[in-house]
Number of protein chains: 2
Amino acid sequence: MKNIWTLPLYCADYTLFVVRKDVSGWDTRGENPDPVKAKCPPVLVDDVYLNGPTLDVNGAEDFIRESMRIITEDAVKKATDVREKVCEWHSPEDLKELLDLQLTDEGESDTRILERCRDAIRYSVKTTHPRFFNQLYAGMEPYSMVASFIIEALKPSLYTYEVSPVFTLVEDAVLRKMREVIGWKEGGDGIFNAGGSLSNMYAVNLARYHHCPDVKELGLSAVPRLVLFTSQECHYSISKAAAFLGIGTKNVYVVPSDNRYIFTEWLNVRVCDQGAVPFMVNATAGTTVLGAFDPIEEIADICEKHNLWLHVDACWGGAALMSAKHKHLLKGVHRANSVAWNPHKMLMACLQCCAFLVRDKTGLLQRCYSARASYLFQQDKFYDVSYDTGDKSVQCSRKPDAFKFWLMWKALGSKELEQRVDRAFAMAKYLAQEVKKREGFRLLMEPEYANVCFWYIPPSLRDLPDSTELWEKIHKVAPVVKERMMKKGSMMVGYQPHGDKANFFRMIIISPQVSRQDMDFVLDEIDRLGRDL
Amino acid sequence: MKNIWTLPLYCADYTLFVVRKDVSGWDTRGENPDPVKAKCPPVLVDDVYLNGPTLDVNGAEDFIRESMRIITEDAVKKATDVREKVCEWHSPEDLKELLDLQLTDEGESDTRILERCRDAIRYSVKTTHPRFFNQLYAGMEPYSMVASFIIEALKPSLYTYEVSPVFTLVEDAVLRKMREVIGWKEGGDGIFNAGGSLSNMYAVNLARYHHCPDVKELGLSAVPRLVLFTSQECHYSISKAAAFLGIGTKNVYVVPSDNRYIFTEWLNVRVCDQGAVPFMVNATAGTTVLGAFDPIEEIADICEKHNLWLHVDACWGGAALMSAKHKHLLKGVHRANSVAWNPHKMLMACLQCCAFLVRDKTGLLQRCYSARASYLFQQDKFYDVSYDTGDKSVQCSRKPDAFKFWLMWKALGSKELEQRVDRAFAMAKYLAQEVKKREGFRLLMEPEYANVCFWYIPPSLRDLPDSTELWEKIHKVAPVVKERMMKKGSMMVGYQPHGDKANFFRMIIISPQVSRQDMDFVLDEIDRLGRDL
């Protein structure tokens, strides 16, 4: 766009700055280029002319329109087309040259910038492509995407009702509904924030504050050593939380999976003997790698008996709550004190969309987090300041992520969200069945959720005896297959080792863009890419 | 858009699922509705048909195109038009009814959803409007806005190079350039994250880890009481950081402003006597309310002498570094160990865009934050895994905010960024001069930066003697003027009390969309709205 900087900066020609009526009825500037009407003599302060705006908003609109055309064509249509590549792979060194990243004194033309937009899209991984199965999110959700465009255009921030009236109310409505789905029927609290890891940190901090409110002022040096429990399969953010919050990673007591009664044993014997004070248990609903669910009901019994805060990390598995058929996986979740649940995963809200939900109705969240900044949270405002929710957050400016979930929920209704979840479960079951049927594939475990974990064993290894040596060889297969699929661009499926298990593939099934044909394709393609290994 | 769910779900008609070539050359589905070519017998798992996708992406494109038209018209064009209102005020109760927020089982038509988009825009505050002066961000930056649309369409997350090749390199390039601007010429580190408050928390945690790496594993209960210093005028996130990180708000030692030598005194006498261990000093470059700058050079001397980590919170004031004329305000910033700087404030990158920059070159950030999740940060990948930067973050999924700054920097060049900063300074100076000239206005202090703080004194109070009673009356003026401007929708200017100062207005000047006419308008409008008080 044409920037009108140069003119007012270097000359005193102020005929540019003209009169128009604004909402106040006061003449300021406008479309009529008559210098007599302008009545604005040039004002120069510190060598800068201050008459008239220096950004040509009309020019900007043309640029935005053209870029939207490119985005629709390249980042929506092509990116979701199964006939296109999931990614066009380049090494970091090559890609640096292709992108020309350097920032310089002089700017570039709009034409050049639009080319840069095209390039950024072209060389990016298409996470909305039907063959992207690499993370716990995938696929294209048009309603949520539009909601996120609206947010980007309006630039709202959720400090106060005054600055974000619509989005404050939307967040409240979504949190209410999510609490209802969890089974907390009468109130509660919550907040959307920037990621499930942060939600888990909120939980640890809130549980700590609930256990001992003095920590907020006095810090951990004033109290006995606090410890928390979690299962071995929990997300790594629990460990990051312990480090960040000053608790220490060694004070996260990891309970081996499939041995949950160890909670009680440790609580009664090991912990108390060492002078440590347990304050919370983290249960995981839908683990990252295996998609497993901790038995919430049993853990809730233990927590009640020992007066411990129960947090359920349902960032990934929370979606099952939308399904009458599958919500039993989270049986007992209504007994939790807090729940983390990311609609940006299986429910496909645009990144990021992460709710932290709290059962407490006494304002614990507010008391735990508030700092009462007087420049934001004035108490002499002309509306009900209980709508100013910003002081519940560790962030100051905060994006209205709930809107991305709200708009799609409005469009689809709970029923279609449920159908999508049911379909993802069914698709995972189908894939697991296929894995079991096929030669050279071996299922790690029956899927509980939408994670399907399996090994691919190339022909050359199929007749070897089951031994450490065999597994060392299998361990090297997945990285090579992954490299080949990336360079070909045909799909993206994650792999990892896990505990004592050699590298295996982890397929994540989410999007209604995929079908059984895609599941078949994935297995065929792995075989095509790895059969010579 | 038409959703093709219902058909495959309730009948076995699979003629819908047809053949097309994908990148692998394998026939899966396509545009040719010939059931013979499809070769996909219906597959039913758990009562769900799994043939073919259930989302009609072509229909979605039409919906997205139409919504983009609305966004351009309402959220860009109208929202930035000075003749339109900054906001259309409704009380929370009224707005709830207007928006119909409830989420139900059934979905809604696309037409209805587009109306909802229009409503969400209509009732939102227009932070990109030229008369929005309420926060430390404002205005419309078209290049950054387009970058943010691209991000929303592609849904990238910055765990690894493999998943976000373009945005990983872009973040690296922007951090490099920002470090160069700070004056760290040979390397360093950094990360973009969700807000300046989080950047400050990163700093406190990193300083603590640097002081005592054992805290990561053992927690604060294993070390002496740690304390940090900050000036009275610092942002409230320092206090939030101390609470969240387990340090305790009382262990934030607040140094009164204009009395910086107290640092030394306290360090030598008060602290050590009480067995507390100081580990960092937070200096603020551009305070939130007054826009004041702590003397970094002097504080750096103290930090060096006492071996303390120096963090500079330049979230707001960092933009001055872009200006040859004004960067002296941050003199000595290159001596800091870490700097928080939000390009989403004066530099107008879209929300959020927040850099946390570190001088260390030894990988301290990585060591402090890493948790080495094996499902993301595999070491047997086929590319240089030092590009996988996700383990430096407390977040897991993380948005590529640097791209929003990079694209606009490419378009404008450093020179135009500098001109914008210089113009904001000049505009603030102009406004301060006008405040001093006008009857009924009183300047709180000469602006150092782009914050102009002043009282409005209505005619009825102008002849009263300077007394507690007068200031109590003045204290009540700003809230009423604010209510009136909100209800009229003519502009948004913040107010607050501050220390012992009665409520005053705080004007924040940022955007190249504004001119001296807007400054004049603000003062005239306050007078119009408040002269009867």
Side-chain angles (χ1 to χ4, degrees), chain A residues 24 28 43 45-46 48 50 52-55 60 67-68 75 82 101 103 105-107 113 124 127 142 146 148 152-153 155 166 173 177 194-195 197 216 218-221 225 236 243 246-248 371 373 375 380 382 395-396 409 411-414 426 430 479 483 490 496 512-513 515-517, chain B residues 22 24 28 43 45-46 48 50 52-55 60 67-68 75 101 103 105-107 113 124 127 142 146 148 152-153 155 166 173 177 194-195 197 216 218-221 225 236 243 246-248 371 373 375 380 382 395-396 409 411-414 426 430 479 483 490 496 512-513 515-517:
Chain A
S24 68
T28 47
V43 168
V45 175
D46 287 347
V48 183
L50 300 180
T54 59
L55 179 76
S67 74
M68 280 179 164
V82 76
L101 295 157
L103 298 162
D105 285 353
E106 303 298 331
I113 294 299
S124 284
T127 68
V146 164
S148 71
E152 296 309 310
K155 298 210 299 185
V166 171
K177 186 72 180 177
S197 293
K216 184 175 176 181
L218 303 179
L220 288 170
S221 61
R225 182 165 61 93
Y236 71 95
I247 289 167
Y375 75 95
D380 52 6
F382 65 99
Q395 298 180 272
C396 180
W409 201 332
L412 301 173
S414 308
Y430 171 80
E483 175 175 0
S490 56
Q496 64 280 298
Q513 288 147 274
S515 64
R516 56 148 281 206
Q517 290 90 324
Chain B
D22 65 13
S24 67
T28 46
V43 168
V45 175
D46 288 347
V48 183
L50 301 180
T54 58
L55 179 76
S67 74
M68 280 178 164
L101 295 157
L103 298 162
D105 286 353
E106 304 299 331
I113 295 299
S124 285
T127 68
V146 163
S148 72
E152 296 308 310
K155 297 210 300 187
V166 172
K177 187 71 181 179
S197 293
K216 184 176 177 181
L218 302 179
L220 288 170
S221 61
R225 182 165 60 94
Y236 72 95
I247 289 167
Y375 75 96
D380 52 5
F382 64 100
Q395 299 181 270
C396 180
W409 201 333
L412 301 173
S414 308
Y430 171 79
E483 175 176 359
S490 56
Q496 64 280 297
Q513 289 148 272
S515 65
R516 56 147 281 204
Q517 290 90 324

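The structure displayed is predicted, hence computed values, not measured ones. Every chain is numbered from 1 and lettered A, B, ... according to where its sequence line falls, protein lines coming before strand lines. Keep in mind that the numbers below use all heavy atoms, side chains included, and drop hydrogens, waters and symmetry copies.
- Both the backbone and the side chain of Lys216(B) come within contact range of chain A, with heavy atoms under 4.5 Å apart.
- Counting heavy-atom pairs under 4.5 Å between each of Val45(B), Leu101(B), Val146(B), Leu218(B) and chain A puts Leu101(B) at the top.
- A pairwise comparison of heavy atoms in Ser414(B) and Lys177(B) identifies OG-CE, 4.3 Å as the closest pair.
- Proximity to chain B is limited to the backbone of Ile247(A), based on heavy atoms less than 4.5 angstrom apart.
- One N or O on the side chain of Thr127(B) and one on the backbone of Lys155(A) form a donor-acceptor pair closer than 3.5 Å.
- Counting heavy-atom pairs closer than 4.5 Å to chain A, the top residue among Gly413(B), Gly195(B), Pro479(B) is Gly413(B).
- Annotation: maximal heavy-atom pairing with chain A below 4.5 Å, among Tyr236(B), Trp409(B), Tyr430(B), Phe382(B), occurs at Phe382(B).
- The two residues Ala194(B) and Ala194(A) come nearest to each other via the heavy atoms CB-CB, 3.6 Å.
- Between the CD atom in Glu483(A) and the CG atom in Asp380(B) there is a gap of 11.0 Å [rounded to 0.5 Å].
- With chain B as the partner, the residue from Gln395(A), Glu106(A), Gln496(A), Met68(A) showing the most heavy-atom pairs under 4.5 Å is Met68(A).
- Nearest heavy atom pair, residue Gln517(A) against residue Leu50(B), reads OE1-O, 4.0 Å.
- No other option in Ser197(B), Ala243(B), Ala173(B) has as many heavy-atom pairs under 4.5 Å with chain A as Ser197(B).
- Contact between Gly246(A) and Leu220(A) at its shortest, heavy atoms only, is O-CD1, 3.1 Å.
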